[in-house]
Amino acid sequence: MSSWPVHNPRHRSSRKVVEKPVEKVVEKVVEKPVEKVVEKVVEKPVEKIVEKVVTPTPAPISPERLARAETLNVALGGRVADPTNLNIYAPGVSRSGTGIHQVIYEYFFYNNLQTGEYIPWLAEKYEYNADFTSITVNLRKGVTWSDGKPFTADDVVFTYELLKKNPGMTWAAEANTWVKAATKVDDTTVKFELTKPNPRFHLIREAFPAVGIWGGITILPKHIWEGQDPLTFKNSQPVGTGPYKLVRATETAFVYERRDDWWGTKVFGVKPAPKTINFQYIGDDTNIALALAANEIDTPFIGKLSLGSFKEVARRNPNLRAWTKDPPYAWLDPCPRALMVQNAKPPLDQKEVRWAISYLIDRKAIVNLAYEGTTTPTWGVWPFYDGLKPYFDAIQDLRAKYPADATDTKKAAELLAAAGLKKVGNDWTTADGKKLELIYVVDSNSGEEMKVSAVLADQLRAAGIGVKIQSMTGSPLADALLRGQYDLKLHSFCPGYIYDNLWLFHGANYVPLGEPAPWYERNSFRFKNAEFDAIVDEMGKTPPTEVEKVKEQYKKAMAIWFEQLPVVPVVQAPALVPFNYTYWKGFPSAEDPWNMPVSWWATFNLVITGYQSPTTGKWVGGLQPTGVK
């Protein structure tokens with residue numbers, strides 16, 4: 001990387017050392033008898049020699065070095081336009097780019113996708129009624145806000161009433177879709193009346209204060225927000241239950257100090273190790289690389305460090321590593337990439353054509369060329385997390401029967417012919433004799449999409465399928481995608497849960513071509529299958545704790561999904577997340593995958609503090625100092 005500074009240390013001359021012959025130097029050393037030399041060494045008692053050796057006072061640790069050793073530095077993805085506006089419910093305010101949902105606010109439960117654990121935090125347990133139309137939550141006793149006020153059911157009820165009265169608040173629509181009313185039973189008990197039965201309500205982050213991916217509904221302190229306009233109140237000095245308090249906020253830095261009165265220290269008996277946490281914007285890839293090499297930051301946000309820069313920094317700084325020690329290095333983001341195929345347009349409305357496209361894709365080439373080897377091919381739309389492995393194991397026979405990550409150009413040709421297409425020269429033609437040409441829509445602001453399209457389009461063209469790249473951005477892109485005005489489009493599939501990602505393909509999200517779909521991955525590709533919908537509906541009514549039953553439902557749904565292949569899986573989503581172990585240790589890794597490692601999710605709170613395992617009762621993880629450097 002050309003921007004790296006080159007160090008040229010000055011070498012002292014060795015001339016004086018060798019100006020006398022070696023024989024003379026040796027002679028000088030041994031001119032006295034050995035006995036005399038030894039006598040000189042031992043003329044003082046051994047005790048005195050030892051005393052002399054062990055008594056020197058160590059150099060004092062400078063305040064600067066000590067402060068750095070107690071500080072966790074996180075590099076942000078960008079500047080914050082208004083650092084005085086920390087209203088987590090105001091549209092446009094970044095909850096992750098300011099650090100507030102990582103260290104100020106906390107949540108009822110944390111869903112550890114990596115391990116499959118559902119971790120109690122502000123709440124201790126929940127219980128549905130018999131028909132899943134209500135859920136009662138028991139809050140944890142002893143929780144307090146950062147100003148010392150108790151955290152109670154009044155705060156929970158207040159927050160949901162605020163969302164009900166102010167539909168403009170972020171996620172108010174989702175919360176109000178599911179919650180009819182939140183009522184106080186006593187100070188530590190809240191009952192949620194649901195709008196319809198749902199045994200999975202406790203997993204809906206937009207409606208319930210449980211964090212799995214990124215963030216979730218956040219409970220507000222009633223005594224601070226009461227009487228405020230929730231859309232204009234800036235909340236510049238946020239009061240939360242988290243282990244840190246904000247001490248300074250600028251466009252480029254948010255400084256948090258540890259609360260010695262944090263309720264978790266009293267309840268769990270633990271204290272987060274970092275005394276100070278800085279969420280700071282320091283610039284582009286080069287600046288972050290230099291800062292990591294100089295041990296000035298401990299981890300950056302996603303997408304802020306290229307693979308080439310990471311490798312160079314790791315070469316210079318042996319304390320730097322990513323999720324894996326070797327390629328692909330990256331942790332897997334929960335949103336795998338798949339090629340959306342417009343099922344409502346012929347000949348893509350035929351499963352044979354969709355499968356042919358899948359067989360023509362060389363995913364390993366895409367991994368190497370577009371992603372520089374930082375990810376892996378995928379066969380579906382779920383992240384490869386340990387917590388999901390039981391479900392993946394349940395469909396191994398289907399994965400063998402339907403290799404949705406395989407390349408087989410001969411099989412692709414057979415399928416295209418079976419769909420009624422003909423090969424004329426090097427081109428595949430449709431029934432009317434025209435060359436098959438597909439519109440591949442690409443977000444021109446996405447470097448990832450641009451790189452993938454260059455590789456993938458060439459692969460299809462080489463096989464005789466015409467591909468026209470159509471670059472778009474902004475509202476025209478959004479409108480075109482929702483109305484289905486594309487043939488192909490690389491897209492992410494979130495949130496990554498088994499049921500939720502199946503529901504993206506449900507007919508409830510189907511609208512005719514030309515009308516706007518509910519969302520991009522919510523069936524903008526117009527897949528419709530009544531048998532599939534019935535299975536997903538059955539799964540939606542099944543408590544997720546009934547794992548064996550859910551696995552059976554998943555297998556039935558996937559038998560249809562694989563056979564029809566409504567979208568074409570491409571790769572897992574890479575998140576190159578490097579960590580600097582110079583000052584801190586205990587970061588999650590592929591060797592010790594105890595949690596998600598990302599610093600922009602609300603779950604980063606538990607990366608910092610660790611958590612009590614709901615299965616073993618033992619404390620798991622948490623950052624620890626490596627010692628002053």
Here's one to test your reading of the geometry: is the NZ or CZ of Arg205 within 45 degrees of the ring axis of Trp601 and under 6.0 Å from its centre? no
Is any side-chain heavy atom of Trp503 closer than 4.5 Å to a side-chain heavy atom of Met539? no
Look only at the side chain of Tyr510 and the backbone of Asn529, and say whether a donor-acceptor pair between them is shorter than 3.5 Å. no
Over 60° means perpendicular and under 30° means parallel, so tell me whether Phe505 and Phe527 are parallel, tilted or perpendicular. perpendicular
Point-to-point distance, once rounded to the nearest 0.5 Å, from CG of Asp537 to CG of Leu502: 11.5 Å
Is it the case that the ring center of Tyr126 lies less than 6.0 angstrom away from the ring center of Phe108? no
So Val211 and His101, do their side chains get closer than 4.5 Å, heavy atoms only? no
Between Glu449 and Lys489, does any side-chain N to carboxylate O distance fall below 4.0 Å? yes
Just so I know, are the side chains of Met340 and Ser524 near enough to count as touching, which here means a heavy-atom distance under 4.5 Å? yes
How far apart are the C-alpha atoms of Arg461 and Val467, what are their side-chain angles, what is the distance that settles it, and do they pass the side-chain contact (heavy atoms from CB on, under 4.5 Å) test? CA-CA 6 Å; Arg461 289 168 183 152; Val467 179; 3.9 Å; yes
Could you tell me whether Lys389 and Asp386 have a side-chain N and a carboxylate O separated by less than 4.0 Å? no
Does the Thr407 side chain pair with the main chain of Tyr359, one donor and one acceptor, at a distance under 3.5 Å? no
Taking C-beta and beyond as the side chain, do Glu591 and Lys325 meet within less than 4.5 Å on heavy atoms? yes
Taking the side chain as C-beta and beyond, is there a heavy-atom pair between Lys196 and Phe132 under 4.5 Å? no
Taking the six-membered ring for Trp, are Trp331 and Trp323 parallel (under 30°), tilted (30 to 60°) or perpendicular (over 60°)? perpendicular
Measure up the Tyr118 and Phe109 rings against each other and bin them: parallel (under 30°), tilted (30 to 60°), perpendicular (over 60°). parallel
Is the closest basic N to carboxylate O distance between Glu437 and Lys468 below 4.0 Å? no
Under the criterion side-chain hydrogen bond (donor to acceptor under 3.5 Å, both in side chains), which of Trp594, Tyr611, Tyr110 is the partner of Glu117? Tyr611
If I take atom CD1 from residue Ile560 and atom CZ from residue Phe532, how far apart are they, to the nearest 0.5 angstrom? 7.5 Å
Has Glu106 got a side-chain atom pairing as donor or acceptor with Leu122's backbone, closer than 3.5 angstrom? no
Are the side chains of Val441 and Leu488 in contact, using a 4.5 Å heavy-atom criterion? no
Quick check on ring pair (Phe, Tyr, Trp, His ring centres under 6.0 Å): which of Tyr128, Phe208, Phe192 does His202 satisfy it with? Tyr128
Aromatic ring centroids of Trp600 and Phe604 under 6.0 Å? no
If you measure from the Lys or Arg side-chain nitrogens to the Asp or Glu carboxylate oxygens, is any gap between Lys551 and Glu548 under 4.0 Å? yes
I'd like to know if the side chain of Gln572 pairs up with that of Thr378 as donor and acceptor (distance under 3.5 Å, no hydrogens or angles considered). yes
Please confirm whether the backbone N or O of Thr195 pairs with a side-chain atom of Trp178, one donor and one acceptor, at under 3.5 Å? no
Ring centres of Trp561 and Tyr554 under 6.0 Å apart? no
In this structure, NZ of Lys191 is separated from OG1 of Thr136 (nearest 0.5 Å) by 5.5 Å
Nearest-0.5 Å distance that lies between atom CZ in Arg522 and atom CG in Leu504: 7.0 Å
Counting only N and O atoms by type, is there a donor-acceptor contact under 3.5 Å from the side chain of Tyr402 to the main-chain atoms of Gln564? no
Heavy-atom donor-acceptor pair, Asp487 side chain to Tyr440 backbone, under 3.5 Å: no
Contact between Asp349 and Asn343 at the side-chain level, heavy atoms closer than 4.5 Å - yes or no? no
Could you grab the distance from atom CD of Glu521 to atom CG of Leu481, nearest 0.5 Å is fine? 10.5 Å
Donor + acceptor pair across side chains of Thr133, Asn129 (<3.5 Å): yes
So, Lys555 and Asp397, do they make that salt bridge, N to O below 4.0 Å? yes
Say you draw a straight line from CG of Leu421 to CG of Leu416; how long is it, rounded to the nearest 0.5 Å? 5.5 Å
Thinking salt bridges, do Glu448 and Arg337 make one under a 4.0 Å N-O criterion? yes
Side-chain heavy-atom pair Val568, Arg363 within 4.5 angstrom cut-off: yes
Assess the side chains of Tyr499 and Thr542: does a donor N or O sit below 3.5 Å from an acceptor N or O? no
Ring centres under 6.0 angstrom apart (Phe525, His491): no
Does Pro495 offer a backbone N or O that forms a donor-acceptor pair with the side chain of Asp500 under 3.5 Å? no
With no hydrogens and no angle check, is any side-chain donor or acceptor of Asn176 less than 3.5 Å from a backbone partner on Ala172? yes
Under 4.0 Å between a Lys/Arg side-chain N and an Asp/Glu carboxylate O for Glu372 and Lys311? no
Using only atom types and a distance under 3.5 Å, with no angle test, would you say the side chain of Gln350 pairs donor to acceptor with the backbone of Ala419? yes
